[in-house]
Amino acid sequence: MIEAKNIDFYYGNFQALKNISMKIEPKTVTAFIGPSGCGKSTFLRIFNRMNDLIKDTQMEGECLINGQNIYDKSINIDNLRKDVGMVFQKPNPFPKSIFENVAYGLRVNNMGDKSFIGQRVEESLKDAALWDEVKDKLNKSAYELSGGQQQRLCIARALAVKPSIILMDEPASALDPISTSKIEELIHNLKNQYTIVIVTHNMQQAARVSDNTGFFMLGELIEYSNTKKMFLNPEKETTQNYITGRFG
Amino acid sequence: MNHKEEELKLLKDEIIQMWKLVISQLEKAKIAFLTNDVELALEIAQTEKRVNSMELKVERNCENYIALYNPVAIDLRLVLSIMKISISLERIGDYAEGIAHHIIDRDCNNIDNELIEELEIEKMFGVLLNMITNALVIFDLEETKSSRKILKKDKEVNRIYKMAFERLESYVLKNPKDALCGLKLILLIRKLERFGDHSGNIVEEIVFFLDAKVLKHKGKLE
């Protein structure tokens, strides 16, 4: 369970998130939608403290994962990011082989011996629906894969260290429709094992893949509800104006 | 208004056009029945084809809108409502045509005028026309405040139907030579009663479109 409590976030003097509270149930897919600059990606990055890497920022409020405040001083950030994996908009494989990309997290965390790593790489590639396409060329460079395959490789890399939460920041926006549908299918299948939070600009994608949707605007969480309800009968007029394309 | 909104407005304008045509068919059916005007009845039968083709057009345009624009929220509810309203309107158009044939076929040429008055058919037509016209008004204005008032009028239609049915039953028993006409009149008032139900369905669709509430099968008149 993820629970954000009264989160405020500032880039310098600019307040990017305004008093946001939200609960995310385990093993669900939650989508964040909203216009550019609304704070949805900033809020996503709260969950694995990726915003800590950005200079001149400040956060207030609490973010609890399984009851523990991840902003507590006692938290080991590397362990947090192992438990809360992330996939970015642009596929970012390392300049290594397909195998080594997936094994990377296991190696740097000293997780298991050679046969364990081999087994985990296979499992992760299977879970990321990529195994059949790469099993005969595991030692080839990850750069030889197509964009869609590279993105699934990045998902496999995130899965390898067995996180409980996966954050996806527009994971399909740089992909063609076929690769996009593969990623969406993958999200659907991964839901049984992981809690997934996805930022997307594609509202139909949010409608297709998520159980719950949060609509952000100007740093505020305008509406957060069941996706079916959001797309058939949103509570707020602002949400309706945005999702029906009447915004602005 | 953006392109998507313009397309949606066209869908709305189209169903309103169909609605107005169906109302005019019913007004004509009322006059033709009360004045036994065969010419007017023939005109109704002829115009029915236009109602049918409008239904097909509305349906096709709704399908296209869904396929091309992926509507959500109130837009999706509007398109779904329009599709269902067009089915009800087409059915009401069929009833108007059925009434026209009753006149064309001269089913009840020698029937007592007093009986027709007792059956309150004119009143029934009046209530129904009021229902369907007011439903159009709330759809066009996108305002559901008076929806319950419209739905309640169906009670009056049902009362007249029940009364007229019983009156015709005793009339036929007393006048067996007019049995066929009696049966035909029962069919006619049955059509009007169904017309009331369809008008109710249309109002329910408008409430779904605007308020996202489903009134169907919920004892709406309680």
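Order of the sequence lines sets the chain letters (A, B, ...), proteins ahead of strands, with each chain counted from 1. Excluded from the calculations below are hydrogen atoms, water molecules and symmetry mates; all remaining heavy atoms, backbone and side chain alike, are included.
Here B:Ile74 is the residue among B:Leu76, B:Ile74, B:Asn2, B:Asp211 with the most heavy-atom pairs under 4.5 Å with chain A. Among A:Ile243, A:Leu232, A:Asn233, the residue with the largest count of heavy-atom pairs under 4.5 Å with chain B is A:Leu232.
When the shell of 6.0 Å around CD of A:Gln204 is examined, it contains more than 12 heavy atoms from other residues, nucleotides or ligands. Within 6.0 Å of atom CZ in B:Arg194, more than 12 heavy atoms from other residues, nucleotides or ligands are found, so the atom counts as buried in its surroundings. With a 6.0 Å radius and a threshold of 12 heavy atoms from other residues, nucleotides or ligands, A:Tyr11 has its OH atom above the threshold. In the displayed structure, A:Ile178 atom CD1 is contacted under 6.0 Å by at most 12 heavy atoms of other residues, nucleotides or ligands. In A:Asn13, the CG atom is not crowded: 12 or fewer heavy atoms of neighbouring residues, nucleotides or ligands sit closer than 6.0 Å.
Looking at residues two or more places apart in sequence or on another chain, you find a salt bridge (charged side-chain N to carboxylate O under 4.0 Å, His left out) between B:Asp13 and B:Lys9.
At a threshold of 4.5 Å between non-hydrogen side-chain atoms, the residues A:Arg246 and B:Asp75 count as touching.
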Which pairs would a plain distance check flag for residues 207-224 of chain A, meaning a side-chain donor or acceptor within less than 3.5 Å of a matching protein atom at least two apart in sequence or in another chain?
residue, atom, partner, partner atom, Å
A:Arg208, NE, A:Glu184, OE1, 2.7
A:Arg208, NE, A:Glu184, OE2, 3.4
A:Arg208, NH2, A:Glu184, OE2, 2.8
A:Ser210, OG, A:Ala206, O, 2.7
A:Ser210, OG, A:Asn212, O, 3.4
A:Ser210, OG, A:Thr213, OG1, 3.2
A:Ser210, OG, A:Thr227, OG1, 2.8
A:Asp211, OD1, A:Lys191, NZ, 3.0
A:Asp211, OD2, A:Val29, N, 2.7
A:Thr213, OG1, A:Thr227, OG1, 2.8
A:Glu223, OE1, A:Glu235, N, 3.2
A:Glu223, OE1, A:Lys236, N, 2.8
A:Glu223, OE1, A:Thr239, OG1, 2.7
A:Glu223, OE2, A:Glu235, N, 2.5
A:Tyr224, OH, A:Lys23, O, 2.7

Result block: side-chain N/O donor-acceptor pairs under 3.5 angstrom for residues 39-46 of chain B, not counting sequence neighbours:
residue, atom, partner, partner atom, Å
B:Glu43, OE2, B:Lys28, NZ, 2.7

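A:Gln240 and B:Ala73 get closest at one heavy-atom pair: OE1-CB, 3.4 Å.
By a heavy-atom distance cut of under 4.5 Å, not one residue of residues 50-67 of chain B is near chain A.
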